[in-house]
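Down below is the structure, laid out as structure tokens.
Letters go in sequence order (proteins before strands), and every chain restarts at 1. Side chains included, hydrogens not; waters and symmetry mates left out as well; all remaining heavy atoms used.
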Number of protein chains: 2
Amino acid sequence: MSKSVRRAALIIDSIAEGPKTVVELSQMFELHRSTMFRELQSLEEVGYVHRRKSGQYTLGLHLISLSKLAFDNLDLREAAHDHIRRLHKVVGNTVHLAALMESSIVYVDKVEDPNGVRMYSRIGKAVLPYCSGVGKAILADLDEGGRNAVLAGSTWEKFTEHTITSRDALDRELEIVKKQRWAADDREFEDFVNCVAVPIHSSMGVVGALSVTAIRMVQNLPQLKTHLPLMQQTAELISRELG
Amino acid sequence: MSKSVRRAALIIDSIAEGPKTVVELSQMFELHRSTMFRELQSLEEVGYVHRRKSGQYTLGLHLISLSKLAFDNLDLREAAHDHIRRLHKVVGNTVHLAALMESSIVYVDKVEDPNGVRMYSRIGKAVLPYCSGVGKAILADLDEGGRNAVLAGSTWEKFTEHTITSRDALDRELEIVKKQRWAADDREFEDFVNCVAVPIHSSMGVVGALSVTAIRMVQNLPQLKTHLPLMQQTAELISRELG
DNA sequence: CCGGTTGATGCAAATACTGCAACACTGCGA
DNA sequence: TCGCAGTGTTGCAGTATTTGCATCAACCGG
């Protein structure tokens, strides 16, 4: 284990919590000022941190570039690529794929009919875990700690009359989801949209979810539910590829 | 300059170009296999790379977490925060702020009327540079190399009858934008939406742009243009803060 | 079963890093 | 204007970490 890599990463994580000066960081890490200065100089040169005119260091832009590429190479995204396109062909609706990141859930792929109702692209965006099918499908299979991490920043904003707006209510819903092994978004985020979602597991536990979404006038929730067996088969195929 | 930091970053960049094995990387970097193995082990432990079962290394999830935080700490975003909220109060329309990243343009902030027409959130998403006001405002002030980098991945997809769909046509438009120091999106992406945008400069050159956007039935383009003097003043104030 | 490749690790030599000391620069207050 | 404190920056010898070698374990395919 490389001490220098670990230390660099710890410094970056510290800066990620909030901008800091050389002196602050040297005290935090019990390093001489000149050592910390050189370390930050190096990290800035490779774009991982950025020095403001005020003397504070913040995270650098190169991390943003790298994250885009990290996103594209996600195992789940690659494993699911063909399967969700096949699923879309059969069910005809928009299929979303969401991945569990460290403490958030993100839409990582989407298949929709180019000639159908056009949904605004959501790939890359964080899922609101408490009012989305995929969010609930993933949360249901997380332990308490995992749930807490994902829900830590939730504002519990009410989008529609159906939105779940408290942790207690969500936990009750998640017990049901865990048992039935699928989740629904029943007009909880947008009044005219609903979906059903199933979790995807790997040997490491739940890693994501896939959902089938429709405008209510096209397919209502009972109709969407008819797709659940195929969706669960699809999730199983993806899980196999993930190992 | 820390050799270990530079080398770690180069390895990460190499993996960012595509997944690779220990042996491939050890040959590329002319390191002994065991050295490269240890390096990757360290990078994996801090979440910057991830080893697949196949033995290939890809970028790690921690980069995605860090990029979100990097985004929140952007200098431009902080400098512009109060100014664009004041601008919104005066003009009443949705105000967008976009930043030039390394080779892309991203929406980094937005102010809209909570009781007005609700536009789906775009923060964090890449701007399509060739058919957006902010994209054109930034491109106009970039040199040839910068433009090429930003436009490298453009598909020139045609969204409406007004979309610019070739580099030549865009370059002609950018000459006009550069002269007049503002840009417009005249129904080029969405038929019922248009906006005007102005660039924001720092001592390093153009770093972003701000725009005022409206649905056509609410305010048409000539009406939006009346906001340009105030927008340009706002951009100037932000530039001053950036230094 | 055998051979080749990859995953993984102890050790001494090689290399890189570190704190010290010092200087340059900037901003603030007297 | 001057002095002081704090930050930015760098050469050098002592210290710490890394490196390649050698080796073993595990896995896969013929």
Whole-Å gap separating P (D/dC21) and CZ (B/R38)
12 Å

Starting at atom CD of A/E39, determine the distance to atom P of D/dT9, rounded to an integer number of angstrom.
16 Å

Atom pair distance, as rounded to whole Å: CZ in A/R51 and C1' in C/dT26
12 Å

Measure CD/B/Q41 against P/C/dT9 and give the value in whole Å, please.
6 Å

If a pair satisfies ring-ring contact (aromatic ring centres under 6.0 Å, His included) and one of its residues is in residues 27-61 of chain B, list it, with sequence neighbours excluded.
B/Y48-B/H62

Quick one: is C/dG19 close enough that its OP1 or OP2 comes under 4.0 Å of any side-chain N or O from A/T35?
yes

When B/T21 and B/H32 are each assigned the nearest nucleotide of DNA chain C, the 5'-most assignment goes to B/T21

Residues in residues 3-13 of chain B with a heavy atom under 4.0 Å of DNA chain D, by number, are B/R7

What's B/S2 touching, base or sugar-phosphate or nothing? Going by heavy atoms closer than 4.0 Å.
sugar-phosphate

Would B/R85 and B/H88 count as having a side-chain donor-acceptor pair, cut-off 3.5 Å?
no

Distance check needed: C/dA8 C1' versus B/E45 CD, whole Å only.
15 Å

Using only modelled atom types and a 3.5 angstrom limit, is any donor from either the side chain of A/R33 or the base of D/dG8 paired with an acceptor on the other?
yes

note: B/F29, atom CZ; D/dT18, atom P; distance rounded to Å ~ 17 Å

Quick check on DNA chain D: between B/M36 and A/S34, whose nearest nucleotide comes earlier from the 5' end?
A/S34

In terms of side-chain heavy atoms, does A/S2 have a donor or acceptor partner in B/S42 at a distance below 3.5 Å?
no

Within the distance-only criterion (no hydrogens, no angle test), does the side chain of A/E44 pair as donor or acceptor with the backbone N or O of A/R51 below 3.5 angstrom?
yes

Nearest heavy-atom approach of B/V134 to B/L210 is CG1-C, 4.0 Å

Atom CZ of A/R52 and atom C1' of D/dG8 are separated, to the nearest Å, by 19 Å

Judged by modelled atom types alone, do A/E112 and A/H96 share a side-chain donor-acceptor pair under 3.5 Å?
no

Atom CG of B/L40 and atom C1' of C/dT6 are separated, to the nearest Å, by 13 Å

Residue pairs passing the salt bridge (charged side-chain N to carboxylate O under 4.0 Å, His left out) test with at least one member in residues 8-30 of chain A, sequence neighbours excluded, are none

